[in-house]
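See structure below.
Small disclaimer: the values here were computed from a predicted structure and weren't measured.
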Amino acid sequence: MDVTHCYLEGNPDAVEFCPHDSYYHVLAASTYTLQEGDQPSRSGSISLFNFDAELGRLELGHRVDTAGIFDIKWSPARSTVCPSLAQADADGYLRLYSLESGSSGGEALEGSLIEINAEKISSSMCLFLDWNPSATCISVGLSDGSISIISLRESQFDICQEWKAHEFELWTTSFDIHQPQLVYTGSDDCKFSCWDLRDSPSKWVFQNSKVHKMGVCCITKSPSDPNLVHTGSYDEHLRVWDVRSIIKPVSETSICLGGGVWRIKHHPSVPGLVLAACMHNGFAVVKTRGDEPPEVIETYSKHESLAYGADWQRGDLCRKGQNNGSVVVTCSFYDRLLRIWTTQSNLVA
């Protein structure tokens, strides 16, 4: 069921509800807008919203203008006292913001983002980022196929490792939340890799180059099953991998979602349930539990452009009168549209 929507001033490509207690109502949306011409430029922004689920009201609280953004991520829940938002952008910068929930010396507005650090990671573009579970490191995927591992000490960045992981754009990188010494990467070279950070330089744990028929767009570890990893690809398939073999994944199942699988987000409280942004085919809610084949249980097609950003709201997921409906935010690129809606399916069945 549709709840509310708005249009952004740029092309949205990522949306994230804050996962921290007391901040579940806070929503961040980032944009990437290419200005073509003799001297092309890439501009972007982060819009910070307050969402009232009971009233179905979305209010813009703060906006930051930046370089074109490819990815944003809130720091993991319970990892820090104050929520932090990291940004990967087209200028090769990793930026870190603190969420200010009150005034600070009369300067910080209610619900504002304050930049606390920015560092140029590479001359290439920063395409993707991921926090480790303790929020002490951020992995960044780069457009030249490299990956950077950035450590955070009192909000200061330090590049502790960087290596050429792939031949083409590295679209996704993901820490293993159960074994954070491992990091997964995926690229336009169709390879899905796992690396061990205890080695320097990091070494392969495995690399699969035969299953994905096109570039690997996203990788995410199952929060409920330490043996399962999900991947999404331009080849329109969401795949579920069992990685108990240290040499290679021992099995994988897949489902075709009818569009390139750009993002996968796990439901915060229902094991095995994921939300997928499927580029040319809208959004899908997919059940991936157990040994059963993945199953699409709901789709959402109210966007008219590339489906890029998607997330679940944490906390009290049920709007008044919708006992089993989870709150979802999605965004599409060229029409600059952000929508909030609730699922209709009984997700816990």
Partner of Leu48 by side chain to side chain contact (heavy atoms under 4.5 Å, CB included), out of Val64, Leu27, Leu99 = Leu99
Would you check if His237 and Ile255 make a side-chain contact, meaning some heavy-atom pair closer than 4.5 Å?
-> no
NZ/NE/NH1/NH2 to OD/OE distance under 4.0 Å, Lys203 and Asp196 = no
Give a yes or no on whether Ile297 and Phe283 share a hydrophobic cluster (residues Ile, Leu, Val, Met, Phe, Trp, Tyr; joining criterion: side-chain heavy atoms under 4.5 Å apart).
-> yes
For Leu96 against Ser84, the heavy-atom pair lying closest together | CD1-CB, 3.9 Å
Is the backbone of Gln35 close enough, under 3.5 Å, to the side chain of Arg42 for a donor and an acceptor to pair up by distance?
-> no
Is the side chain of Thr4 donor-acceptor paired with the backbone N or O of Ile340 at a distance under 3.5 Å, no angle test?
-> no
Is it true that Lys73 and Asp130 make a salt bridge, defined as a side-chain N closer than 4.0 Å to a carboxylate O?
-> no
For the residue pair Asp144 and Ser122, confirm or rule out a side-chain donor-acceptor distance under 3.5 Å.
-> no
Min side-chain heavy-atom separation Ile159-Gln161 under 4.5 Å = no
Check whether any side-chain N or O of Asn132 sits under 3.5 Å from a backbone N or O of Thr136 as a donor-acceptor pair, and report yes or no.
-> yes
Identify the heavy atoms of Cys126 and Leu142 that sit nearest to each other, and give their distance.
-> SG-CD2, 3.7 Å
Expected output: side-chain Ser332 to main-chain Ser305 donor-acceptor under 3.5 Å = no
Considering only NZ, NE, NH1 and NH2 on the basic side and carboxylate oxygens on the acidic side, decide whether Glu9 and Arg63 come within less than 4.0 Å.
-> yes
Does the side chain to side chain contact (heavy atoms under 4.5 Å, CB included) test come out yes or no for His166 and Ser146, once each step is laid out?
-> CA-CA 6 Å; His166 292 271; Ser146 299; over 6 Å; no
So with a 6.0 Å cut-off around CH2 of Trp163, is the heavy-atom count from everything else above 12?
-> yes
Between Asp158 and Arg153, does at least one N-O distance fall below 4.0 Å, as a salt bridge requires?
-> yes
Thinking salt bridges, do Asp235 and Arg239 make one under a 4.0 Å N-O criterion?
-> yes
One should read off an interatomic distance between Cys160 SG and Ile149 CD1, to the nearest 0.5 angstrom, of 6.5 Å
Within the distance-only criterion (no hydrogens, no angle test), does the side chain of Gln39 pair as donor or acceptor with the backbone N or O of Gly37 below 3.5 angstrom?
-> no
According to a 4.5 Å side-chain heavy-atom criterion applied to Ile, Leu, Val, Met, Phe, Trp and Tyr, with indirect links allowed, do Leu127 and Met214 form part of one hydrophobic cluster?
-> yes
Distance-only, no hydrogens or angles: does the Thr33 side chain make a donor-acceptor pair with backbone N or O of Gly10 under 3.5 Å?
-> no
Taking all non-hydrogen atoms of both residues, which atom of Phe17 and which atom of Trp74 are closest, and how far apart?
-> O-CD1, 3.4 Å
Residues Ser148 and Ile121: closest non-hydrogen pair is OG-CG2, 3.5 Å
CG-SG distance between Leu197 and Cys137, expressed to the nearest 0.5 angstrom = 7.5 Å
Criterion side chain to side chain contact (heavy atoms under 4.5 Å, CB included) on Val327 and Phe51, from CA distance to verdict = CA-CA 11 Å; Val327 176; Phe51 173 61; 3.8 Å; yes
Report yes if the side chains of Leu129 and Thr173 come closer than 4.5 Å at any heavy-atom pair, otherwise no.
-> no
Give a yes or no on whether a salt bridge exists between Lys191 and Asp188, defined as a side-chain N under 4.0 angstrom from a carboxylate O.
-> no
Is there a donor-acceptor contact under 3.5 Å linking the side chains of Trp341 and Thr330?
-> yes
Let me know which of Tyr32, Trp262, Phe128, Tyr93 forms a ring pair (Phe, Tyr, Trp, His ring centres under 6.0 Å) with Phe70.
-> Tyr32
Counting distance only, does the side-chain N/O of Ser222 pair as donor-acceptor with the main-chain N or O of Asp225 below 3.5 Å?
-> yes
Quick one: SG on Cys217 to CE on Met279, what's the gap to the nearest 0.5 Å?
-> 6.0 Å
Taking atom NE2 of His280 as the centre, does the number of heavy atoms from other residues, nucleotides or ligands within less than 6.0 Å exceed 12?
-> no
Taking atom types as modelled, is there a side-chain donor on Trp195 or Thr185 under 3.5 Å from an acceptor on the other?
-> yes
Pairwise side-chain contact, Ile264 with Leu275, heavy-atom cut-off 4.5 Å (strictly under) = no
Within a reach of under 6.0 Å around CD of Glu115, are more than 12 heavy atoms found that belong to other residues, nucleotides or ligands?
-> yes
Taking the six-membered ring for Trp, are Tyr184 and Phe206 parallel (under 30°), tilted (30 to 60°) or perpendicular (over 60°)?
-> tilted
Could you go step by step and tell me if His303 and Ser301 meet the side chain to side chain contact (heavy atoms under 4.5 Å, CB included) rule?
-> CA-CA 5 Å; His303 291 265; Ser301 56; over 6 Å; no
So does Lys287 pair up with Glu292, basic N to acidic O under 4.0 Å?
-> no
Exercise: identify the closest heavy-atom pair between Gly258 and Asn281 | O-CB, 3.3 Å
Full working for side chain to side chain contact (heavy atoms under 4.5 Å, CB included) between Ser30 and Asp13 | CA-CA 6 Å; Ser30 66; Asp13 55 5; 3.0 Å; yes
Answer yes if the side chains of Ser224 and His266 hold a donor-acceptor pair under 3.5 Å, and no otherwise.
-> no
Val286-Val240 co-clustered via ILVMFWY side chain contacts under 4.5 Å = yes
Under 4.5 Å between side-chain heavy atoms, hopping through other hydrophobics if needed: is there a path connecting Leu85 to Ile138?
-> no
Check: Leu182 and Val205 side chains under 4.5 Å, non-hydrogen atoms | yes
Evaluate the criterion salt bridge (charged side-chain N to carboxylate O under 4.0 Å, His left out) for residue pair Lys120 and Asp91; output intermediate values, then yes/no.
-> CA-CA 8 Å; Lys120 191 171 180 65; Asp91 286 352; over 6 Å; no
Hey, does the side chain of Ser43 reach the backbone of Gly68 with a donor-acceptor pair shorter than 3.5 angstrom?
-> no
Do Ser254 and Glu252 have side-chain heavy atoms sitting under 4.5 Å apart?
-> yes
Looking only at atom types and distance, does a side-chain atom of Asp176 sit under 3.5 Å from a main-chain N or O of Gln179, one as donor and one as acceptor?
-> yes
Side chain to side chain contact (heavy atoms under 4.5 Å, CB included) with Gln87: which of Asp71, Ile69, Leu94?
-> Ile69
Should Val26 and Ile72 be counted in the same cluster of Ile, Leu, Val, Met, Phe, Trp and Tyr side chains packed under 4.5 Å apart?
-> yes
State, with a plain yes or no, whether a side-chain heavy atom of Thr253 is found less than 4.5 Å away from one of Pro294.
-> yes
Is the side chain of Lys265 donor-acceptor paired with the backbone N or O of Ala276 at a distance under 3.5 Å, no angle test?
-> no
Got Val211 and Phe192 here, is their nearest side-chain heavy-atom distance under 4.5 Å?
-> no
Angle class for the His25/Tyr23 ring planes (parallel below 30°, perpendicular above 60°, tilted otherwise)?
-> parallel
State whether a side-chain donor-acceptor pair under 3.5 Å links Thr231 with His212.
-> yes
Taking all atoms of both residues into account, what is the closest heavy-atom pair of Ala310 and Ala277, and its distance?
-> CB-CB, 4.4 Å
